[in-house]
2 protein chains.
Amino acid sequence: MKNLPNHSKCSQCVMAQFCLPLGLSPKEIIEIDQLVSEKIQLNKGDAIYRQGDHSESIFSIRHGSFKTEISLPDGRGQILGFHLPGEFLGLDGVGSKQYQTQAVALEASEVCVMKFSQFEKYALDIPSLQIHLYQILNHEITNDQKHLLTLGSLSAEEKMACFFVNLSERRALRGLNSTEFDLSMGREEIGSFLGIQIETVSRVLSKLSEAGLIQIKQKHLKLIDLDELHKIAG
Amino acid sequence: MKNLPNHSKCSQCVMAQFCLPLGLSPKEIIEIDQLVSEKIQLNKGDAIYRQGDHSESIFSIRHGSFKTEISLPDGRGQILGFHLPGEFLGLDGVGSKQYQTQAVALEASEVCVMKFSQFEKYALDIPSLQIHLYQILNHEITNDQKHLLTLGSLSAEEKMACFFVNLSERRALRGLNSTEFDLSMGREEIGSFLGIQIETVSRVLSKLSEAGLIQIKQKHLKLIDLDELHKIAG
DNA sequence: CGAGCGTTTGAAATCGGTCAACAGCAGTGG
DNA sequence: CCACTGCTGTTGACCGATTTCAAACGCTCG
């Protein structure tokens, strides 16, 4: 994990249209140019923060991807989400002393670090920044709630379709190819996210593949029939 | 559903020590005496808000209990949580235009209504109120995340033990009897909350009962061996 | 007391889990 | 360049927890 010097101006960032500045005026964006205190580079497997770490920052993903997970003392764990560039991490630390989860890079990645204290400071002058934070937190809550519906009420096949549709939509939002791309997580991680076993993941993938809804070779995925996947996802 | 006139001063509320005023100074509590714009009485089955309703308030429970749930177009639904006096409802509306869930009374209940706009206004003068809202939102997030772990990684028996332990702890926090009480939800609702079928709920209850860990007759529950339930819950 | 609902219990079916073998690819080192 | 090794993913067979289907039980309330 490598800390870079502070030359991370949102106003000059290529990710600006998909990240925090979204919705701020050009003038306001320049005002928050000092908000990002540092950028951090991570290798695959590196954690930005771990369960129990003291929390004082949130993070936005510049490039790469992450998983967030929560663990039981006995070693079992649940992956809570996969996260793409422009999305935020560390939200479960806002308003509490410690992170309750951990965030781990799925590939070489880079994140921007924003201290809560800085955030509060800027929010006093820029009301829309405050509103923005509420929207980000809201997004986290509604996301988790939809995930609860998925884990609690859907079959393995429906869960998998949900996963693909959700990933596809989020990639589309960020201008990434939404029908053909490489998965940055393994089968085991998909299984943990969906509350099913790795073998079931594999079987459902084969089934969807045979049905002509997807093509998958190793980590390379092509979504052939998104409409039908949507129907299955419910 | 009946709206009461505005005579709902937090400074004089018996629930104050378990609700929003928690952590505020006496002076600050008097300052927020106008924050609750109204109180609403609900009968069993009444919804405070429904999925898709325009959101402009959060609610605190004065007495009674609620379930929050999210529904699929096809009728299937997932209960996200059960809520006790002093807890907050409508948090998935903070920072968004609409509620994504609905909140339904499980018995005759009463809630205090706080408009976001009012909240923002008071927060400008009372920084700890702002912090409080972050804490409340954080609580919602970490709760949902623990629920995800429960739904995704635990067996039916473990889920049920989790449910009891969680309920017991939350009641204890509020000075309610934490080992013997009446459940305000039916078996079907417990099943939806835990992602299992009603018959499985019934069978697990019988099993825990035979094992001497609980006693349950209809809705009346007595937790005999909380230690063991804790162990099962993981 | 009887209707109706919610709950319990039993038996059968099923989905997904577990166990086990194998295939595929990546990296290592001779 | 090609074994060798190890990891990840796939597939099959079997098993078991949970669901589904069905029936009976027992509250509650008019």
Phosphate contact (dT8(C) OP1 or OP2) by R187(B) side-chain N/O below 4.0 Å = yes
request  = Can you tell me the distance, in whole Å, between the NZ atom of K219(A) and the P atom of dC7(D)?
outcome  = 15 Å
inquiry  = Rounding to an integer number of Å, can you tell me how far R203(A) CZ sits from dT10(D) P?
reply    = 11 Å
query = Between the side chains of E158(B) and S155(B), does any donor sit under 3.5 Å from an acceptor?
reply = yes
ask   = Can you check the Q197(B) CD to dT19(D) P distance for me, whole Å?
value = 5 Å
remark   = Taking for K217(A) and for G195(A) the nucleotide of DNA chain C with the nearest heavy atom, the one nearer the 5' end belongs to G195(A)
ask   = If we ignore angles and hydrogens, is there a donor and acceptor under 3.5 Å between the side chains of H63(B) and S109(B)?
value = no
key: Distance, rounded to the nearest Å, where I198(B) contributes CD1 and dG6(C) contributes C1'   = 7 Å
request  = Starting from P on dA17(D), measure out to CG on L154(B) and report it in whole angstrom.
outcome  = 16 Å
ask   = What is the distance from NZ of K44(A) to C1' of dC7(D), rounded to the nearest Å?
value = 11 Å
inquiry  = In whole Å, I'd like the distance from the CD atom of E199(B) to the C1' atom of dA13(C).
reply    = 13 Å
query = Side chains of S55(B) and Q98(B): is there a donor and an acceptor less than 3.5 Å apart?
reply = no
request  = Please state whether the phosphate of dT7(C), meaning OP1 or OP2, lies under 4.0 angstrom from any side-chain nitrogen or oxygen of S202(B).
outcome  = no
key: Atom NE2 of H230(B) with >12 non-hydrogen neighbours under 6.0 angstrom   = no
Phosphate contact (dA17(D) OP1 or OP2) by T200(B) side-chain N/O below 4.0 Å = no
key: Length of the line joining Q218(B):CD and dT8(C):P, which is rounded to integer Å   = 7 Å
